[in-house]
Trainee: 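The structure follows.
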Amino acid sequence: MFGRLVLKSLFDRKGSVLLSMVAMTVSVFVLLGVEHIRHQAKESFSNTVSGVDLIVGTRTGSINLLLYSVFRLGAPTNNISWSSFKDITSDSNVKWAIPISLGDSHKGFRVMGTTIDYFKHYRYGKKHNLTFKQGIPFAEIFEVVLGYNVAKKLGYQLDDKLVLAHGVVSTSFSLHDDLPFRVVGILAPTGTPIDQTLHVSLEGIEAIHTNWKQGIKIENSISRDNLARANLEPKSITAFMLGLNSRIGTFNVQRFINSYSKEPLLAILPGVALSELWQMVGILENTLLLISVLVFFSACLGVSATLLSSMRERRQEIQLLRVIGAPPIFIFLLIEFEALLITVVSIIIGSGVLSIFLFISKSFLVSNFGLHIDVNFLTENAIIICSIILLASICVATIPSYSGYLKATNN
Amino acid sequence: MAINLSNIIFHYPSNTKKTVLNIPSWTVSTGEQLFLHGPSGSGKSTLLSLLSGLLSAIEGEISVFDQRLDQMNSRQHDRFRANYIGYVFQQFNLISYLNATDNIRLACQFIRNKNVRVKDIEALLHDLGISEDHWQSPARNLSIGQQQRVAIARALITKPQLIIADEPTSSLDQRNCDLFMSLLMKRVSENNTTLIFVSHDLSLAKHFGRIESINDINIVKETV
């Protein structure tokens, strides 16, 4: 009978109740949505690189090194010499090494020179290997492997020819147009900056720069035949990634590199640098959360205001309940449960809408932002948030409930 | 003895200087049907609130069915009211968004013996002349006459020993008023229920065995 009274009473004031329920639903949607995307973005972000023990570059800040080597953001301060690379990777603890050479671009997408070890050893997410959507890794000098988004946005197919530009600006006028590259492979989407990268061999990078001095093209260019015979071993690279035989030795190798006497070098643990970087992004993330909490709080107040303003028109009803023997606490609980029911229904609808929204936008987010979002947001965290939502609405609803209680005690 | 009042003094907490009730002694015997009349503002409704425990006297003793209301706390007042008293007002007797059946069932929520069968409710509604197609419609959609008859059912369902009716017929036309009175009086005498009936309309006094003016009970003189 109590539940029936709550239901029918709410239904009787369906206009105002519906509006406050919509406000509540929106706030639940925003709160759960922000929390979920926040979580997923963090995960996606931390999953950009995995299985790499050390990243080595020239001496700079650890976040800067991480940004240009993994996220293709910003610019390296200097290159490191090929001889240092060979020297360090000859260490017995080094299992594999991936050299990286940056500095060129193609229509705004960065070009990365590397070796085929990259496709063998690089891991992202939960130790996922790079996989090919089409084609194979590069084998020849003038072959290129495209990231998923590069191919998709620029509409490249296998065997298409493309020209790299010197520098990383999207409207570069210094093109390596004398030496075009052929697309041999397209990678599957990863949700990481790899999707935005063109991969060529180190020799390819070296080749297109052999007739360049100080960033300027010298005219009488070398023909392809001459290049094939020329020594294309690189003189310098931008950075390299290391996989070690034993993790215990990581710090020894790191110390060895950081105190390397022939050249100033910096070795970073990607996990540590990632979490440092995330701490900076965290401010934005917390601001988002704060805003959604405020939205929720105002929705809570909205529900309470609706119930409070209904108290005046319900004076007769309260009086009548008292006369038939209802104690004042009954009135208090009646209004509390009305607020609780509004919140519960809002949580259910809000979660439902969020599920549908995530389901629909999933493929859009992957293809446009490379963001992998799990549709299932009902994590332990979400359950905690729902509990807090319920608790908060009960607390705020004590205002109208207490007003009803007072009306019940003063006849 | 159904009601026994002695040396009752009452004033509202908001106005402590103005004594509203001063009743040296007043009794009503069990099964008595009392017609109470008097001018507005002479304390009739306040007296009814004291009898039902909605208000507490400042001084004096109130016994209703040998239970000392002046010694009960508010929780006990609520229980007593639910179990012993049926109340009918001039209007707002029903929760407007609940239907007749639910309104009656709601009254059963607060009594000791909650096992009231739906069959009893339906029989009662039937007896009071509410046709079946009105049982499920919200109280606000019923006519005033129907609402007052459902209110009798609501008051009777808990089998109270005392029925308090505060101007129950004032909103009714003559035909509905007669119907209401005959149904109420029939029920009350069948169950030997004590009835206190407050009204301005002295023409209704003919139904009652005892007729009293509030001014004969309450010795506070009207100052207005």
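Naming: A, B, ... by sequence-line order, numbering from 1 per chain. No experiment lies behind these values; they were computed from the predicted model shown.
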Trainee: Just how far is it from atom CG of L106(B) to atom CE of M1(A), taken to the nearest 0.5 Å?
Mentor: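 If we round to the nearest 0.5 Å, L106(B):CG and M1(A):CE are 5.0 Å apart.
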Trainee: Please name the pair of heavy atoms, one in G325(A) and one in A82(B), separated by the smallest distance, quoted to 0.1 Å.
Mentor: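 Minimum heavy-atom contact is CA-CB, 3.9 Å.
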Trainee: Look only at the side chain of R79(B) and the backbone of P327(A), and say whether a donor-acceptor pair between them is shorter than 3.5 Å.
Mentor: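 No.
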Trainee: Kindly check if the number of other-residue, nucleotide or ligand heavy atoms within 6.0 Å of OH (Y402(A)) is above 12?
Mentor: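 Open: at most 12 neighbouring heavy atoms sit under 6.0 Å from OH of Y402(A).
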Trainee: Take a 6.0 Å sphere around CZ of R315(A) and say whether it holds more than 12 heavy atoms from other residues, nucleotides or ligands.
Mentor: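 12 or below, so no.
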Trainee: Tell me whether F35(B) at atom CZ has more than 12 heavy atoms from other residues, nucleotides or ligands lying less than 6.0 Å away.
Mentor: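 Counting other residues, nucleotides and ligands, CZ of F35(B) exceeds 12 neighbours.
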Trainee: So with a 6.0 Å cut-off around NE2 of H126(B), is the heavy-atom count from everything else above 12?
Mentor: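 Atom NE2 in H126(B) is not crowded, with 12 or fewer foreign heavy atoms closer than 6.0 Å.
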Trainee: Can you tell if the side chain of L94(B) reaches within under 4.5 Å of the side chain of E317(A), non-hydrogen atoms only?
Mentor: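 They are not in side-chain contact.
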Trainee: Under 4.5 Å, heavy atom to heavy atom: which of residues 328-336 of chain A reach chain B? Give them by number, or say none.
Mentor: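 Listed by number, the contacting residues are P328(A), F330(A).
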Trainee: Non-hydrogen atoms of chain A under 4.5 Å away: do they reach the side chain of F89(B), the backbone, both or neither?
Mentor: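 Side chain of F89(B) only, per the 4.5 Å heavy-atom cut-off to chain A.
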Trainee: Could you tell me whether the side chain of Q316(A) reaches within less than 4.5 Å of the side chain of Q91(B), counting heavy atoms only?
Mentor: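 Result no, sub-4.5 Å side-chain heavy-atom pair not found.
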Trainee: Could you walk me through whether V323(A) and N93(B) pass side chain to side chain contact (heavy atoms under 4.5 Å, CB included), step by step?
Mentor: CA-CA 10 Å; V323(A) 163; N93(B) 276 300; over 6 Å; no
Trainee: What part of D102(B) gets closer than 4.5 Å to chain A, counting heavy atoms only: side chain, backbone, both or neither?
Mentor: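 Contact with chain A is through both the backbone and side chain of D102(B).
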Trainee: Determine which residues belonging to residues 2-31 of chain A lie within contact range of chain B, meaning some heavy atom pair is under 4.5 Å apart, and list them by number or answer 'none'.
Mentor: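 R4(A), L5(A), K8(A), S9(A), D12(A), listed by number.
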Trainee: Tell me every residue that passes side-chain contact (heavy atoms from CB on, under 4.5 Å) with I388(A), counting only those two or more places apart in sequence or in another chain.
Mentor: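 I388(A) satisfies side-chain contact (heavy atoms from CB on, under 4.5 Å) with I384(A) only.
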Trainee: Which residues satisfy the side-chain contact (heavy atoms from CB on, under 4.5 Å) test with Q146(B), sequence neighbours excluded?
Mentor: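 By the side-chain contact (heavy atoms from CB on, under 4.5 Å) rule, Q146(B) matches I130(B), H134(B), L142(B), S143(B), R149(B).
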Trainee: Please test L321(A) against Q109(B) for side chain to side chain contact (heavy atoms under 4.5 Å, CB included), starting from the C-alpha separation and ending with a verdict.
Mentor: CA-CA 10 Å; L321(A) 283 167; Q109(B) 281 302 296; over 6 Å; no
Trainee: Evaluate the side chain to side chain contact (heavy atoms under 4.5 Å, CB included) criterion for residues I324(A) and F110(B): first the C-alpha distance (whole Å), next the side-chain angles of each, then the deciding distance (0.1 Å), finally the verdict.
Mentor: CA-CA 7 Å; I324(A) 61 174; F110(B) 305 103; 4.0 Å; yes
Trainee: With a 6.0 Å cut-off (strictly less than), is the heavy-atom count around CD of E380(A), excluding the residue itself, greater than 12?
Mentor: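 Open.
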Trainee: Would the number of heavy atoms belonging to other residues, nucleotides or ligands and lying under 6.0 Å from NE2 of H11(B) be above 12?
Mentor: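 Yes, NE2 of H11(B) has more than 12 neighbouring heavy atoms, counting only those of other groups under 6.0 Å.
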